[in-house]
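Single-structure report; data block below.
Just so you know, these numbers use all the heavy atoms, side chains as well, and skip hydrogens, waters and symmetry mates. Read the numbers this way: they start at 1 and go in the same order the structure lists the ligands and their atoms.
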Amino acid sequence: MSVRVRFAPSPTGPLHMGGVRTALYNYLFARKHQGKFLLRIEDTDQNRFVPGAEEYIMESLKWCGIQWDEGPDNPGAYGPYRQSDRKVLYKDYILHLVNSGHAYYAFDTPEELEAMREKLSSDKSGNPQYDSNTRLEMKNSLTLSEKEVEERLAAGEPYVVRVKIPESEEVVINDLIRGKVSVDSGLLDDKVLFKSDGMPTYHLANVVDDHLMHVTHVIRGEEWLPSAPLHVLLYRFLGWEDSMPQFAHLPLLLKPDGHGKLSKRDGDRLGFPVFPLEWKDPETGDTAKGYRETGYFPEAFVNILALLGWNPGTEQELFSMDELIHAFSLDRVGKSGARFDPEKASWFKHRYIQEKPLEEISELFLVDLQKKGIEADMKTAKTVVALVRDRINFLHEIWDQADFFFSAPEQYDEKFAKKKWKEETSGLMLQLSEKLVEIENFSREHIEAGLESFMEEQDIGAGKLMPGLRLALVGAGRGPDLKEIMVVLGKEETVRRISKAVARLGGASK
Ligand code: GLU
């Protein structure tokens with residue numbers, strides 16, 4: 001049987017990085033086994049619908065290179081792939097459950113439910129929930145006469161359909177990551193499966209759709225583990241036990257200190273994004289940062305996520321998507337929570353920028369320059385990027401490290417000038433200028449030879465000459481090798497900057 005897995009997000013907001021990781025593991029698993037990866041939008045809870053969230057989810061997955069084989073925009077044989085478009089499908093299954101005695105109609109009002117909860121909490125008689133202990137005291141098709149139920153339904157009274165959980169029975173889940181998990185059904189409540197507006201709830205829709213879409217493995221976050229026993233029971237009640245998918249519940253993503261689930265607030269507090277793309281809340285207008293806008297390459301982001309919960313069993317840390325597909329297996333996914341380490345994330349982004357072909361980074365840098373209204377050619381961009389890339393983590397930092405290649409300093413670092421621009425510096429610089437003008441071929445070698453012979457003639461060491469020269473060319477004490485800078489600037493610009501510094505900094509430091 002060929003593998004079919006799905007990512008089934010609810011469009012209730014932006015996709016958290018934990019959600020992207022779930023999608024990624026599903027995708028890797030599908031590709032590894034030459035199976036299919038489905039995207040299904042679970043939007044049965046209309047109250048929680050957030051405009052733009054579905055588009056955000058799709059755009060995020062695309063940015064990461066997690067391409068689905070079947071989804072709302074490219075349906076396969078088992079569509080539609082958005083649950084609200086499948087509404088008509090679920091009714092038959094709910095009727096089947098009611099008719100076979102595994103579900104029942106309930107007419108309790110919110111006030112009645114609240115009263116039941118209050119009574120049970122004050123009795124301390126166990127969990128205040130709708131279950132085998134309480135259902136017979138409530139207003140439902142188990143306690144009302146058949147006639148009354150029919151009348152209420154015919155009158156269009158609001159109702160829900162609840163699952164009838166067996167009183168006490170061991171429900172077993174064979175989880176591919178956690179092994180055998182068994183739960184006493186007595187602890188479960190009679191969850192709502194269907195509402196009178198004709199919409200199923202998550203539990204029913206999820207099980208029915210996984211079955212109809214021939215899903216073979218349900219790979220999802222640990223937060224769904226408590227729902228798995230109910231899902232197993234539903235497979236049984238619907239007579240689908242033999243084709244029930246296998247379950248794999250992924251470990252939670254934890255805060256950097258290892259305590260508790262990673263949340264948006266941690267990101268704000270510690271200064272890293274928890275969302276793949278920037279998200280503007282349609283209600284509050286608040287904007288949350290995204291990895292994309294912060295300057296991460298999608299490959300780096302995917303690499304970070306892949307290692308949050310899965311370990312390859314080798315020392316390898318950098319993985320392309322193809323390498324991940326090849327190496328991935330669910331047996332190497334851990335049970336315990338995966339701690340998110342922002343420093344490690346920074347390390348990845350740094351590595352990725354170093355590993356990218358120079359050509360690619362330089363092209364991006366040229367675009368950046370163009371936006372600033374600076375015209376440069378590919379050769380210059382490549383030279384400059386090669387000189388500064390080991391100092392950067394993000395693309396936009398290239399400019400911070402290389403601005404002086406493209407515009408002459410307007411100001412000079414005061415502290416540095418005070419220390420390094422001595423009384424004699426201006427004179428020295430003017431003489432150096434004369435020497436530089438004479439160099440015909442302004443190459444690294446010739447510049448180097450020129451500087452050497454100048455220092456010899458003047459009987460000075462590099463310490464007397466270079467800092468002043470750097471100040472003139474860069475405006476501060478930073479930057480790569482001066483000779484390289486001079487080659488990029490060219491003779492004329494080098495000489496012009498020296499004269500400008502002499503004019504501005506004058507004869508002496510005070
Ligand atoms: N719609 C659920 C969610 O938003 C999907 C859970 C599952 O994969 O079964 O996470």
Geometric cation-pi criterion, R21 with Y25: 6.0 Å, 45°: yes

Using side-chain contact (heavy atoms from CB on, under 4.5 Å) as the criterion, list what pairs up with L97, not counting sequence neighbours. I94, H102, A103, L193, L204, L234, F237, L238

Return the set of residues passing side-chain contact (heavy atoms from CB on, under 4.5 Å) with R178 (not counting sequence neighbours), or none when no residue passes. D175, V181, E222, L225, H249, P251, K335

I'd like to know if H231 contacts ligand 1, where contact means a heavy-atom distance under 4.0 Å to any ligand atom. no

Quick one: which ligand 1 atoms are inside 4.0 Å of a heavy atom on E42? 1 (N), 2 (C), 5 (C)

Residue N206 vicinity, atoms of ligand 1 by number, heavy atom under 4.0 Å: 7 (C), 9 (O)

Does E278 pair with K289 as a salt bridge, N-O distance under 4.0 Å? no

Does a side-chain N-to-carboxylate-O contact under 4.0 Å join D190 and R135? yes

Any idea which protein heavy atom is nearest [atom], and the distance to it?
atom                   : answer
atom 5 (C) of ligand 1 : A8 O, 3.1 Å
atom 4 (O) of ligand 1 : S10 OG, 3.1 Å
atom 8 (O) of ligand 1 : R6 NH1, 2.8 Å

Give the contacting part of F7 toward ligand 1: side chain, backbone, both or neither, where contact means a heavy-atom distance below 4.0 Å. neither

Take atom NZ of K87 as the centre, draw a 6.0 Å sphere, and report whether it contains more than 12 heavy atoms from other residues, nucleotides or ligands. yes

